[in-house]
Amino acid sequence: MNVSGGVHMIGAIVSAIIIGAIVGALARLLVPGKQHMSIGLTLIVGIVAALIGTLIAHAFGLADTKGIDWIEHLLQLGLAVIGVLFVVRIGITRAGRPGRTDT
């Protein structure tokens with residue numbers, strides 16, 4: 001059994017959660033108006049955006065730079081903004097059910 005591989009996987013999961021929380025919160029700050037989203041839904045949108053942004057950055061060779069991977073983080077943030085807009089547009093309420101949208 002490879003213990004270092006398991007530790008690496010746990011580190012990747014923890015970093016995805018932390019980055020996802022930050023990216024999701026920043027995306028909600030950037031989207032104008034009030035979003036009726038729970039913290040959990042914000043976290044899920046952020047984590048999904050962080051993972052997809054990382055995959056895109058790796059696919060184009062933009063993820064492995066010296067220092068902070070700004071392009072990767074901007075991709076993640078842009079995807080999170082799109083995710084927040086999507087969730088607000090389809091009208092998922094705090095209770096996690098589709099709700100009424102006043103458009």
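What you are looking at is a predicted structure, and each value in this text was computed from that prediction instead of being measured. Note that the numbering runs from 1 along the sequence shown for the chain.
In this structure, the separation between CD1 on I13 and CD1 on I47 is 10.0 Å, given to the nearest 0.5 Å. With rounding to the nearest 0.5 Å, the separation of CG in L55 from CD in E72 is 9.5 Å. In this structure, OG1 on T54 lies 8.5 Å from CG on D69, to the nearest 0.5 angstrom. Rounded to the nearest 0.5 angstrom, L85 CG and Q35 CD are separated by 8.0 Å.
When each of V31, I44, L43, V87 is tested with M37 by the rule side chain to side chain contact (heavy atoms under 4.5 Å, CB included), just one qualifies, namely V87.
The closest side-chain heavy-atom distance from L77 to L30 is below 4.5 Å. Using a 4.5 Å heavy-atom threshold, the side chains of I56 and L79 count as touching.
Cluster annotation: L74 is not connected to L26 through the hydrophobic network of ILVMFWY side chains, with a link wherever side-chain heavy atoms come within less than 4.5 Å. With hydrophobic clusters built from ILVMFWY side chains whose heavy atoms lie under 4.5 angstrom apart, I82 does not share a cluster with I22. With hydrophobic clusters built from ILVMFWY side chains whose heavy atoms lie under 4.5 angstrom apart, I18 does not share a cluster with W70. A single hydrophobic cluster is seen to contain both L41 and L29, as judged by linkage of ILVMFWY side chains at heavy-atom distances under 4.5 Å, directly or through other members. I19 and V48 sit in two unconnected hydrophobic clusters of ILVMFWY residues. Membership requires side-chain heavy atoms under 4.5 Å apart, directly or through other members.
With R28 contributing its side chain and V84 its backbone, the two residues share no donor-acceptor pair below 3.5 Å.
For I71, the CD1 atom is loosely surrounded, since the number of other residues' heavy atoms within 6.0 Å does not exceed 12.
A pairwise comparison of heavy atoms in V81 and A27 identifies N-CB, 3.6 Å as the closest pair. Pairing each heavy atom of V23 with each of Q76, the nearest pair is CG1-O, 3.4 Å.
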